[in-house]
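Reading through the structure tokens given below for one structure.
Throughout, protein chains are lettered first and strands after them, A, B, ... in sequence-line order, and every chain is numbered starting at 1. Atoms considered below: every heavy atom in the structure, side chains included; atoms not considered: hydrogens, waters and symmetry mates.
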2 protein chains.
Amino acid sequence: MPAPTPTPSALPAGSVRRRAGRPTAAILDQDGITTAALELISNKGYNGLTMAALARSLGVAPSALYNHVASKDDVLLLVEDHLAAMVDVSAFGVEPWDVAVRRWAWSYRDVFSEHTPLIPVIAVLPVANAPKTLAMYEAVTAGFRDAGFPEEKIISAIVALEAFVFGAAYDVTAPEDIFDAGSLAGQVPNFTAAVDRLALERHARPTDVAFELGLEALITGFGALRG
Amino acid sequence: MPAPTPTPSALPAGSVRRRAGRPTAAILDQDGITTAALELISNKGYNGLTMAALARSLGVAPSALYNHVASKDDVLLLVEDHLAAMVDVSAFGVEPWDVAVRRWAWSYRDVFSEHTPLIPVIAVLPVANAPKTLAMYEAVTAGFRDAGFPEEKIISAIVALEAFVFGAAYDVTAPEDIFDAGSLAGQVPNFTAAVDRLALERHARPTDVAFELGLEALITGFGALRG
DNA sequence: ACCAATAAATGAATGCCATTCATTTATCTC
DNA sequence: GAGATAAATGAATGGCATTCATTTATTGGT
């Protein structure tokens with residue numbers, strides 16, 4: 001039996017054995033962590049986003065991450081803020097108010113429907129540590145104000161729209177047969193009939209139809225509040 | 001040194017050593033598990049709801065639970081279905097449509113705002129295994145139908161309302177200072193002004209104001225669809 | 001030019017958690 | 001009465017985030 005040589009031969013391919021201690025230049029920073037997290041999520045989903053996997057993809061020990069983020073929730077907040085910058089607010093101040101809201105809400109939903117595990121985190125975490133998210137709110141608020149919205153109602157309207165967007169983002173991820181009553185169908189005839197009736201309409205995805213229906217109602221209702 | 005006696009003396013107080021093997025009468029069933037889970041959630045929150053804690057509160061080994069539920073998600077589904085029965089659908093078919101929707105949506109939000117960790121589970125799990133949830137949908141669907149709603153739009157309208165309710169349920173749990181921009185306030189003047197302006201209105205909880213605003217817009221918008 | 005402080009890495013715990021499995025045994029069915 | 005089944009036990013198992021002592025290169029102060 002060969003001697004148990006503690007050689008670095010068992011290292012993951014492509015990685016380099018590094019001594020402990022401060023490296024010549026910092027390997028990690030929040031930007032790199034964010035990018036790696038997004039890449040990991042894109043490839044393996046949120047189940048694949050573990051601190052260990054994140055560290056491995058950065059060629060680093062898991063504990064090293066904690067010099068740059070306080071917790072895994074902190075990583076999720078970084079990801080969230082990156083995504084907030086991808087939401088389309090460009091129409092505010094350019095296009096009419098209703099067009100801008102429509103573009104914003106659809107893109108907001110589309111971005112976060114791929115990232116629903118972030119929603120519980122966003123909902124609870126203060127916005128102070130998320131500059132890009134804050135910038136999104138600023139653009140939307142300015143758009144509402146310039147459209148003649150009474151100032152005391154702006155935040156409430158945004159919060160309501162956002163609630164709808166987050167709920168709808170979940171709906172996008174639902175399986176198609178979520179409303180299949182199965183063996184209980186006989187006990188819920190009205191519901192089953194309505195589900196079947198909707199299935200006959202073969203226009204767009206049901207989730208998109210519902211989102212449009214709700215969004216247009218909100219836009220119409222809120223539009224009437226403008227001075 | 002005393003002999004290592006495997007006595008039952010170290011048992012938790014109040015518990016009784018039970019031999020392995022089938023007991024005279026089954027100790028566990030889904031109803032009991034559901035009740036214990038709700039009790040645990042009420043006392044310790046969702047962080048306290050672990051399979052081990054649930055088993056302990058039922059005086060049983062954790063593995064015993066798996067004779068009655070397939071997984072922890074299964075427990076969450078049981079809890080969800082119990083809660084669905086607490087949502088107020090009593091006004092459908094009795095009160096005018098808009099009153100019924102209002103009562104339903106407010107109670108739906110109130111029930112689930114205490115149980116937001118269920119929302120990701122509900123959104124994805126087919127409804128076939130949740131009879132009480134299905135019963136709720138049936139009542140709401142019948143109410144919409146009887147109010148003259150076009151059948152092909154009923155499910156979409158319910159889905160949209162539900163999305164809004166779930167999103168709003170998260171909002172209820174948000175900390176009060178969630179919109180405090182902190183040191184970045186200077187960079188988001190419109191947003192900060194709108195937040196401050198809303199804070200001056202000391203009527204109701206901001207989360208309730210936003211919910212009412214959105215809900216009334218949806219009710220008005222959907223009400224116009226009735227034939 | 002030295003020296004102390006700091007920043008950023010390592011790797012070895014720690015403790016929690018859901019879930020699985022072999023085993024036991026009372027009850028039910030034929 | 002015998003064999004199958006249901007429902008419990010307790011001992012793994014493997015994954016997870018997080019902590020901690022330790023190492024060491026860089027930085028800033030005197």
Side-chain angles (χ1 to χ4, degrees), chain A residues 6-8 10-12 15-33 36-37 40-41 44-79 117-118 120-121, chain B residues 4-12 15-33 36-37 40-41 44-79 117 120-121:
Chain A
T7 58
L11 281 181
S15 69
V16 173
R17 165 78 66 179
R18 219 183 350 261
R19 286 194 314 289
R22 183 177 196 160
T24 300
I27 301 167
L28 294 177
D29 59 18
Q30 292 199 334
D31 265 7
I33 291 173
L40 204 48
I41 290 161
K44 317 259 180 177
Y46 276 86
N47 282 346
L49 179 64
T50 68
M51 294 303 268
L54 186 54
R56 186 159 9 93
S57 81
L58 287 159
V60 125
S63 51
L65 295 170
Y66 289 87
N67 289 315
H68 302 271
V69 296
S71 63
K72 185 178 178 181
D73 267 10
D74 213 358
V75 174
L76 295 180
L77 181 61
L78 290 174
V79 171
L118 294 179
V121 180
Chain B
T5 47
T7 60
S9 54
L11 280 181
S15 70
V16 174
R17 166 78 64 179
R18 222 184 345 263
R19 284 192 315 289
R22 181 176 197 160
T24 301
I27 301 167
L28 294 177
D29 59 18
Q30 292 198 334
D31 265 6
I33 291 173
L40 204 49
I41 290 161
K44 318 258 180 180
Y46 276 86
N47 282 345
L49 180 64
T50 67
M51 295 302 270
L54 186 54
R56 186 158 10 94
S57 80
L58 288 159
V60 127
S63 51
L65 295 169
Y66 290 87
N67 288 316
H68 302 270
V69 296
S71 64
K72 185 178 176 180
D73 267 11
D74 213 358
V75 174
L76 295 180
L77 182 61
L78 290 174
V79 171
V121 180

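Residue A:His68 has a polar side-chain atom (N or O) positioned under 4.0 Å from OP1 or OP2 of C:dA9.
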Please set out all donor-acceptor pairs under 3.5 angstrom arising from side-chain atoms of residues 19-29 of chain A, sequence neighbours excluded.
unit_1  : atom_1 : unit_2  : atom_2 : d
A:Asp29 : OD1    : A:Asp31 : N      : 3.4
A:Asp29 : OD1    : A:Gly32 : N      : 2.7

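Scanning for side-chain contact (heavy atoms from CB on, under 4.5 Å) contacts around A:Leu78 gives A:Gln30, A:Thr34, A:Val69, with sequence neighbours left out. When the side-chain contact (heavy atoms from CB on, under 4.5 Å) test is applied to A:Ser63, the partners found at least two apart in sequence or on another chain are A:Ala61. Under the side-chain contact (heavy atoms from CB on, under 4.5 Å) criterion, B:Ala36 pairs with B:Leu54, B:Ser57, B:Leu58, not counting sequence neighbours. With sequence neighbours left out, the side-chain contact (heavy atoms from CB on, under 4.5 Å) criterion links B:Asn67 to no other residue.
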Q. Base, backbone or nothing for each nucleotide of nucleotides 24-30 of chain C, written B, S, -, heavy atoms under 4.0 angstrom, 5' to 3'?
A. BBBB---
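Minimum heavy-atom separation, B:Val60 to B:Arg18: CG2-NH2, 3.8 Å. Scanning all heavy atoms of the two residues, the minimum distance from A:Tyr66 to A:Ser71 falls at CE2-CA, 4.1 Å.
The CG atom of B:Leu49 sits 5.5 Å away from the CG atom of B:Leu40 when rounded to the nearest 0.5 Å.
One can find a donor-acceptor pair under 3.5 Å joining the base of C:dA9 and the side-chain atoms of A:Asn67.
The distance from atom CZ of B:Arg18 to atom C1' of C:dT23 is 17 Å, rounded to the nearest whole Å. Atom CG of B:Leu65 is separated from atom C1' of D:dA6 by 15 Å (rounded to the nearest Å). We find that CG of A:Leu54 is positioned 12 Å from P of D:dT18, with the value rounded to whole Å.
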What does the list of N/O pairs under 3.5 Å between the protein and nucleotides 16-19 of chain C look like, with a distance for each?
unit_1 : atom_1 : unit_2  : atom_2 : d
C:dA18 : OP1    : B:Met51 : N      : 3.4
C:dA18 : OP1    : B:Lys72 : NZ     : 3.0
C:dA18 : OP2    : B:Met51 : N      : 2.8
C:dT19 : OP2    : B:Tyr66 : OH     : 2.7
C:dT19 : OP2    : B:Lys72 : N      : 2.8
C:dT19 : O5'    : B:Tyr66 : OH     : 3.4

